[in-house]
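Each ligand, and each atom within it, is numbered from 1 in the order the structure gives.
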Amino acid sequence: MKRIAILGSTGSIGISALEVIKKAKNDFKAVALSANSNIALLKTQINRFNPKFVCINDGLFFRRLLPEIKNRVRAFSGSQGLLSMLRHKDIDTVLLAISGSAALEPLLEAISCKKTICLANKEALVMAGAIIMKRAALNKVKIIPIDSEQSAIWQCLQGEDRNKIKRIYLTASGGPFRKINGSRLKKVSVRDCLAHPRWKMGRKITIDSASLMNKGLELIEAMHLFGVGPDKIKVIVHPEAVIHSMVEFVDGVILAQLSVTDMRIPIKYALSYPERIDSGIKPVDFVKLKKLNFEAPDLKKFPCLGLAYQAAEKGGTFPCVINAANEVSVQSFLRGKIRFIDIPAVIEKVMSKHKFTISPSLGDIQNADNWARNESYAAIERLN
Ligand code: NDP
Ligand code: MG
């Protein structure tokens, strides 16, 4: 029985993870749940899953829910509360599905407590991948990816020698604007972006998917998870999203992982790793599908992906800066303060001003993150 903490249980991945746990009661138990502020859903989850521990990040919502739950769970609040909860010996696996940079601290804490990590969040690895992977190796901690592309690569690499990787093909569905003329991107709304053709996800990652920054973040994520340089990772648009990524080896053999687009598949794989358990999810219908299509990404139309390649090649604090500038720009876009096409413009401005550190400490990363956020707000002010 794996005793799992679901961090971000009220989000898109968290909800799917709890569905997986519900269907495999003999294998998994959700011993801890955490959310930022969605106490209505969290309360339902507490009633259904009966966890031992709960953390609510936002103090106001914590105080609101506490009287109702204090006799049934041990309740924690705030970012420090989350770290205290994670240290508990009754948790052996941490499924990290908090969105954005807020996942970095809990990830590092879970590693130092030697918990097994099932990692959905990508921003933490983008910010501080080298430090995270080094600490995970030192503590002999496994980081099993949930992001579907990374899960695919991880599965293709089982039993393989990573030194024999020739190339990784990171597949992208292309997002909702794959077919529209680039000039129309000036006018796209938040609603247009949220209509993703293949996946139903949280708001931030959905905007990232529309701008292709999601693929840029995944490029950097893959570099750290699999120890390869950006020159060995090729992004390829595959609109059916049936192949979740591929690995080519030095002998010319290419392995791919295929399945329907359902995040419960990589979540279940990460939780049950190294075993496979029945998913009950419908199979791919190849006859109905008939063909799989591939095309090169349009970097002119989607400059975020090119910027991510630049940050990946430069390394050091650049990936952290691109992540912070992207988070601030996406929030501003979601709040109606800037246009969709301003997202790469702001990121590029901030990157052009950055004086980077090649082998950053955690402190350097925090400074670069703060600096990039302030620069992004200033760049956004100048736009308006
Ligand atoms: P959502 O926005 O749907 O959910 C985010 C979760 O994190 C919610 O439970 C939210 O709580 C919680 N949260 C947000 N901010 C904080 C904070 N500061 N402290 C504590 N908890 C917080 O995101 P997704 O589930 O879509 O994505 C989660 C992560 O997984 C992202 O990094 C994303 O890139 C990655 N990912 C997601 C995929 C998907 O299909 N959705 C696929 C691959 C990767 P509340 O509900 O209370 O706000
Ligand atoms: Mg993905």
Worksheet, complete the sentence: Short version for N57: what comes under 4.0 Å of ligand 1, heavy atoms counted, is side chain

Fill in: Part of I205 within contact of ligand 1 (heavy atoms, under 4.0 Å)
side chain

Fill in: M223 and I233: CA distance, side-chain angles, deciding distance, side chain to side chain contact (heavy atoms under 4.5 Å, CB included) verdict
CA-CA 8 Å; M223 286 167 58; I233 305 177; 3.7 Å; yes

Item to complete: Look at the aromatic rings of F356 and F318 and report parallel, tilted or perpendicular, splitting at 30° and 60°.
Response: tilted

Worksheet item: Do T317 and H354 get their side chains close enough for a donor-acceptor pair, meaning under 3.5 Å?
Response: yes

Practice prompt. Establish, from distance only, whether the side-chain atoms of Y273 and Q158 form a donor-acceptor pair under 3.5 Å.
Written response: yes

Fill in: is_close_aromatic(F177, F340), centroid dist under 6.0 Å
yes

Worksheet, complete the sentence: Looking only at non-hydrogen atoms, the one of M201, E221, K122 nearest atom 40 (O) of ligand 1 is M201

Worksheet item: Do the non-hydrogen side-chain atoms of S9 and L42 ever get within less than 4.5 Å of each other?
Response: yes

Worksheet entry | Count of N, O or S atoms belonging to protein, less than 2.8 Å from the Mg ion (ligand 2) | 3

Worksheet item: So between S151, S99, G14, G8, whose heavy atom ends up nearest atom 31 (C) of ligand 1?
Response: S99

Discussion item. As a quick check of understanding, evaluate side chain to side chain contact (heavy atoms under 4.5 Å, CB included) for V94 and L119, giving each step before the final call.
Written reply: CA-CA 8 Å; V94 175; L119 185 63; over 6 Å; no

Practice prompt. Run the numbers on N47 and T44 for side chain to side chain donor-acceptor pair (under 3.5 Å), then give the verdict.
Written response: CA-CA 5 Å; N47 290 336; T44 311; 5.8 Å; no

Worksheet item: Does an N or O from S34, backbone or side chain, lie closer than 3.5 Å to an N or O of ligand 1?
Response: no

Practice prompt. Considering the heavy atoms of S37, write down every atom of ligand 1 situated less than 4.0 Å from one of them.
Written response: 45 (P), 47 (O)

Discussion item. Distance under 4.0 Å to a non-hydrogen atom of A120: what atoms of ligand 1 satisfy this?
Written reply: 30 (O), 35 (C), 36 (N), 44 (C)

Fill in: Interfacing atoms of ligand 1 (cut-off 4.0 Å, heavy-atom, N38)
46 (O), 47 (O)

Discussion item. Side chain, backbone, both or neither: which applies to E123 and ligand 1 if a contact is any heavy-atom pair less than 4.0 Å apart?
Written reply: side chain

Item to complete: Number the atoms of ligand 1 from 1 as they appear, then name those within less than 4.0 Å of a heavy atom of G11, with their elements.
Response: 1 (P), 3 (O), 4 (O), 8 (C), 9 (O), 25 (O)

Practice prompt. Kindly identify the option in P266, G202, G100 whose heavy atom sits closest to atom 23 (O) of ligand 1.
Written response: G202

Worksheet item: Among I56, I13, L119, I6, whose heavy atom sits nearest atom 25 (O) of ligand 1?
Response: I13

Discussion item. Restricting to side chain to side chain contact (heavy atoms under 4.5 Å, CB included), what partner residues turn up for S16, sequence neighbours left out?
Written reply: R264, I267

Item to complete: State, without any angle test, whether E348 and S352 hold a side-chain donor-acceptor pair at a distance under 3.5 Å.
Response: no

Item to complete: Step by step, work out the side chain to side chain contact (heavy atoms under 4.5 Å, CB included) result for D92 and K115.
Response: CA-CA 5 Å; D92 44 48; K115 315 282 185 188; 5.6 Å; no

Worksheet item: Taking both backbone and side-chain atoms of D147, is any N or O found less than 3.5 Å from an N or O belonging to ligand 1?
Response: no

Item to complete: Report, in ascending order of atom number, the atoms of ligand 1 lying under 4.0 Å from any heavy atom of M263.
Response: 40 (O), 42 (C)

Fill in: For A97, the ligand 1 atoms whose distance to one of its heavy atoms is below 4.0 Å
5 (C), 6 (C), 7 (O), 28 (C)

Item to complete: Check whether the side chains of S189 and D192 place a donor and an acceptor atom closer than 3.5 Å, and report yes or no.
Response: yes

Discussion item. Is there a polar contact, in the sense of an N or O pair closer than 3.5 Å, between R203 and ligand 1?
Written reply: no

Fill in: Polar contact flag, side-chain donor to acceptor under 3.5 angstrom, E218-Q150
no

Worksheet item: Hey, what do you get for CD1 (I144) to CG (L225), rounding to the nearest 0.5 Å?
Response: 11.0 Å

Worksheet item: Of all the atoms in ligand 1, which lie at a distance below 4.0 Å from a heavy atom belonging to A102?
Response: 17 (C), 18 (N)

Discussion item. Using the side chain to side chain contact (heavy atoms under 4.5 Å, CB included) definition, which of the options L383, I347, I380 pairs with D342?
Written reply: L383

Practice prompt. Kindly confirm or rule out an N or O of S148 lying under 3.5 angstrom from an N or O of ligand 1.
Written response: no

